[in-house]
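Letters A, B, ... are given to chains in the order of the sequence lines, protein chains preceding strands, and every chain is numbered from 1.
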Amino acid sequence: MPGSPDLSVLAGDVLDVAPRLLGAHVSHAGVTVRLTEVEAYAGESDPGSHAFRGPTERNAVMFGPAGFLYSYLIYGMHVCANVVTGTPGTASAVLLRAGEVVEGIDVARGRRPGATDRDLARGPARLCRALAIGLDHGGADLTIGPVRLYLAPDRVGPVATGPRVGLRQAAERPWRYWLPGEPTVSVYRPAAPLRRRPRG
DNA sequence: AGGGTGATTAGG
DNA sequence: CTAATCACCCTC
């Protein structure tokens, strides 16, 4: 259910905004997902962020105003989606890591053959697949569409935090946020160490 | 536990 | 141009 279409809260600090996105709804092309897990990326001050080394063609939208979509291709196969936050110049964003399909589940099933309902949007690339979010949607205004974001009108209960998934840089920052107890929260191994440690 | 896949980026 | 890297998912 749509909350407020006013996304001005996204202009705040990304560490405040990220947990507020839990419980928000993302809608596109017949499917709606309720977010259960996100990660904060703090732009040029964050070694884990795509914007750490400054503006490039790919990350340009992150340097713009809040409320736009940053989508990118990872490992030659998968698309991941972020909501741009903060004020122009800050380049911060929130990665949409997982959610529960609350609308259009038959459509989502068709896009994720073989997946269980729990896994339909469990993981950032799976979430994009279930929602049919592609690279073309990068730069889209989330208040106008086609991809729409509806913030949760009220507080959503307890929020858990922990290290972000899959990063080798700044892996210790506890900037992953999720709704504890939700079955749709993604679970993946931490990033592999650069070199194997000597046995011990 | 291991492999697929191709854009993006820095550097010569 | 080359080579390294990569905010992942699937299958074995």
Send over the distance from [X] [atom1] to [N] [atom2], rounded to a whole Å.
{"X": "A:Leu167", "N": "C:dC6", "atom1": "CG", "atom2": "P", "value": "9 Å"}
{"X": "A:Phe52", "N": "C:dC6", "atom1": "CZ", "atom2": "C1'", "value": "16 Å"}
{"X": "A:Arg111", "N": "C:dC9", "atom1": "CZ", "atom2": "C1'", "value": "19 Å"}
{"X": "A:Asp119", "N": "C:dC8", "atom1": "CG", "atom2": "P", "value": "16 Å"}

Problem set entry | Those residues that, when tested against A:Arg34, pass salt bridge (charged side-chain N to carboxylate O under 4.0 Å, His left out) (two or more places apart) |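 Salt bridge (charged side-chain N to carboxylate O under 4.0 Å, His left out) list for A:Arg34, sorted by chain: A:Glu100, A:Glu182.
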Below 4.0 angstrom from OP1 or OP2 of [N], is there any side-chain N or O of [X]?
{"X": "A:Arg168", "N": "C:dC6", "answer": "yes"}
{"X": "A:Arg58", "N": "B:dT9", "answer": "yes"}
{"X": "A:Arg97", "N": "C:dC8", "answer": "yes"}

For this session: Identify whether the distance between the nearest side-chain nitrogen and carboxylate oxygen of A:Asp119 and A:Arg112 falls below 4.0 Å.
Result: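 Looking at A:Arg112 together with A:Asp119, the answer is no, because their closest N to O distance does not fall below 4.0 Å.
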Exercise. For C:dA7, which nucleotide is its Watson-Crick or G-U wobble mate, given both distances must be under 3.5 Å?
Worked result: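 Per the H-bond distance test, none.
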Exercise. Any idea which of B:dA10, C:dA7, C:dC9 is nearest the A:Met62 side chain?
Worked result: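 Given the options B:dA10, C:dA7, C:dC9, the side chain of A:Met62 is closest to C:dA7.
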For this session: Output the residues of residues 66-82 of chain A in contact with DNA chain C, where contact means a heavy atom of the residue under 4.0 Å from an atom of the strand; sort by number or write none.
Result: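 Those residues are A:Tyr72, A:Ile74, A:Tyr75, A:His78, A:Cys80, A:Asn82.
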For this session: Describe the nucleic acid contact of A:Arg129 in one word from base, sugar-phosphate, nothing, applying a heavy-atom distance below 4.0 Å.
Result: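 No contact at all - A:Arg129 keeps every heavy atom at 4.0 Å or more from the nucleic acid.
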Problem set entry | Side-chain donor-acceptor contact under 3.5 Å, A:Glu37 with A:Ser186 |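 Looking only at side-chain atoms, A:Ser186 and A:Glu37 do form a donor-acceptor pair, the distance falling under 3.5 Å.
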Problem set entry | Within the 6.0 Å centroid threshold, strictly below: A:Tyr72 and A:Tyr70 |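 Centroid separation for A:Tyr72 and A:Tyr70: below 6.0 Å.
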